[in-house]
Participant: 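Shown below is the structure under consideration.
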There are 2 protein chains.
Amino acid sequence: MTARAPRADALRNRSRVLAAAEQVFVARGTAVSTEAVARAAGVGIGTVFRHFPTKAALIEAVFRERLRRFGEEADQLVEADDAGQAIWIFLSRVAEVAAGKQAWADAFAATNLRDALTPAREQLPRALGSLLSRAQEQGAIRPDVTVAELVALMLAVSRVPELDAEGAALRARVLTIVFDGLRPQP
Amino acid sequence: MTARAPRADALRNRSRVLAAAEQVFVARGTAVSTEAVARAAGVGIGTVFRHFPTKAALIEAVFRERLRRFGEEADQLVEADDAGQAIWIFLSRVAEVAAGKQAWADAFAATNLRDALTPAREQLPRALGSLLSRAQEQGAIRPDVTVAELVALMLAVSRVPELDAEGAALRARVLTIVFDGLRPQP
DNA sequence: TCTAAAGTGGAGTGATCACTCCGTTACAAA
DNA sequence: TTTGTAACGGAGTGATCACTCCACTTTAGA
């Protein structure tokens with residue numbers, strides 16, 4: 001009746017596949033074959049499909065994992081003294097991770113964002129919410145901004161670097177503009 | 001020796017294919033088969049490939065056409081009295097056109113933007129440049145912004161609506177933030 | 001009107017994938 | 001150690017595409 005304990009090799013392979021998929025997708029886009037992912041993970045294709053029943057499910061899992069890690073980063077920033085600066089750091093971090101990485105555009109596009117970001121349940125919106133209200137109390141962020149706008153801006157800035165002629169410099173200037181727009185307005 | 005005039009049916013088919021491709025890509029993404037595009041255009045596949053040697057070339061052509069039309073809209077806005085408002089209108093327009101349209105994300109991603117936007121040669125950056133300097137003279141836009149940032153923000157806002165829970169309302173609020181950031185800062 | 005050349009349509013081709021199936025292997029529980 | 005079973009690997013399958021080829025049609029120019 002009671003479920004048998006999960007096998008050690010199964011758990012190990014699952015995380016290997018996730019890690020390899022992230023690397024390969026980032027490097028070559030989500031259009032790479034599942035076989036390439038399997039090879040990178042050092043497992044057979046059958047194993048990939050055992051853990052992720054379709055390729056779309058694999059892409060979504062990789063994406064959720066990325067969001068989960070952003071959530072963790074946001075959580076750590078909640079403890080910062082200057083909440084406004086924490087939001088600046090967070091947005092910069094998102095833009096930086098997405099820089100030049102076609103794969104995030106693919107993943108964002110392929111995933112149902114409303115599911116991935118169900119506000120009440122997931123860590124990321126919760127952490128962003130704390131960050132935001134603290135920053136608003138401190139007067140660093142205008143009071144009419146909500147988490148929805150923050151998430152939208154997160155998506156938006158993750159697109160900026162694709163132009164990358166000047167790379168990091170342009171990214172920083174765009175972030176400055178966005179951030180100034182987030183400040184309380186006269 | 002002199003080149004023969006291009007055939008009327010060839011020209012007609014070329015623009016039919018372009019128009020059909022735009023419609024189909026917007027509706028179903030650029031992953032649709034070339035055959036579907038041909039069917040929508042009412043021509044054979046062979047004809048599509050005669051005009052656009054690869055599928056990537058077709059996607060790029062559709063995308064350039066879209067940019068060209070944005071360029072036209074920007075050009076018309078150059079004559080507006082209030083250049084700041086003109087930029088607001090332009091950015092809103094870009095966000096609106098991109099709204100919910102997966103295809104633009106695909107197209108942006110698949111195209112070499114630096115080629116498509118070579119500053120000196122294309123209409124869009126030129127028009128944006130005029131718009132921008134007039135707005136800066138009028139004191140509506142901060143002086144340290146360049147066309148590169150404007151284009152980057154254009155890309156950025158074209159991503160916002162994908163979240164679309166509240167659709168137009170969220171889009172407007174995000175645009176407000178971005179636009180306030182573009183104003184001269186205290 | 002005639003004709004050479006450009007253009008057309010769509011069956012065919014080869015390559016690539018996502019996904020399945022099943023004989024083999026490694027593990028957890030007894 | 002033994003054993004039942006979950007997990008593994010990877011060849012195989014069917015479907016889908018991008019792109020080609022060529023017999024036929026339409027056009028521009030004479």
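Protein chains get the first letters and strands the later ones, always in sequence-line order, with residue 1 at the start of each.
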Participant: Just list the side-chain donor-acceptor pairs under 3.5 Å for residues 79-89 of chain B, sequence neighbours left out, or say none.
Facilitator:
unit_1, atom_1, unit_2, atom_2, d
B:D82, OD1, B:G84, N, 3.1
B:D82, OD1, B:Q85, N, 3.0

Participant: How long is the line joining CZ of A:R16 and C1' of D:dC8, in whole Å?
Facilitator: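 In whole Å, D:dC8 C1' lies 13 Å from A:R16 CZ.
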
Participant: Does some side-chain heavy atom of B:R64 sit less than 4.5 Å from a side-chain heavy atom of B:R68?
Facilitator: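 A side-chain contact is absent here, since even the closest heavy-atom pair is not under 4.5 Å.
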
Participant: Quick one: on DNA chain D, does B:S33 or B:A5 contact a more 5' nucleotide (nearest heavy atom)?
Facilitator: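 Mapping each residue to its closest nucleotide by heavy atoms, the 5'-most match is B:S33.
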
Participant: Between D:dG9 atom P and A:R14 atom CZ, what is the distance in whole Å?
Facilitator: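 After rounding, the gap between these two atoms is 16 Å.
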
Participant: When the distance from CZ of B:R4 to C1' of D:dA28 is rounded to whole Å, what number comes out?
Facilitator: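 After rounding, the reported distance stands at 4 Å.
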
Participant: In terms of side-chain heavy atoms of A:R12, which of C:dC19, D:dT27, C:dC27 is nearest?
Facilitator: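 So the side chain of A:R12 is nearest to C:dC27.
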
Participant: Once hydrogens and angles are ignored, does a donor-acceptor distance under 3.5 Å link the base of C:dA6 to the side chain of B:R7?
Facilitator: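 Donor-acceptor pair under 3.5 Å: yes.
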
Participant: Has B:H51 got a side-chain N or O lying under 4.0 Å from the OP1 or OP2 atom of C:dG7?
Facilitator: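 Indeed not, no polar side-chain atom of B:H51 lies that close.
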
Participant: Hey, is the side chain of A:N13 poking within less than 4.0 Å of OP1 or OP2 on D:dC8, counting only N and O atoms?
Facilitator: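 So the side-chain polar atoms of A:N13 do come within 4.0 Å of the phosphate oxygens OP1 or OP2 of D:dC8, strictly under.
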
Participant: Do A:L170 and A:R173 have side-chain heavy atoms sitting under 4.5 Å apart?
Facilitator: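 Side-chain contact under 4.5 Å: yes.
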
Participant: Can you pull out the residues from residues 34-50 of chain A that lie within a 4.0 Å heavy-atom distance of DNA chain C?
Facilitator: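 Within residues 34-50 of chain A, the residues near DNA chain C are A:T34, A:I45, A:F49.
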
Participant: Hey, does A:Q136 have a side-chain heavy atom less than 4.5 Å from the side chain of A:L132?
Facilitator: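 Contact flag for A:L132/A:Q136 side chains = yes.
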
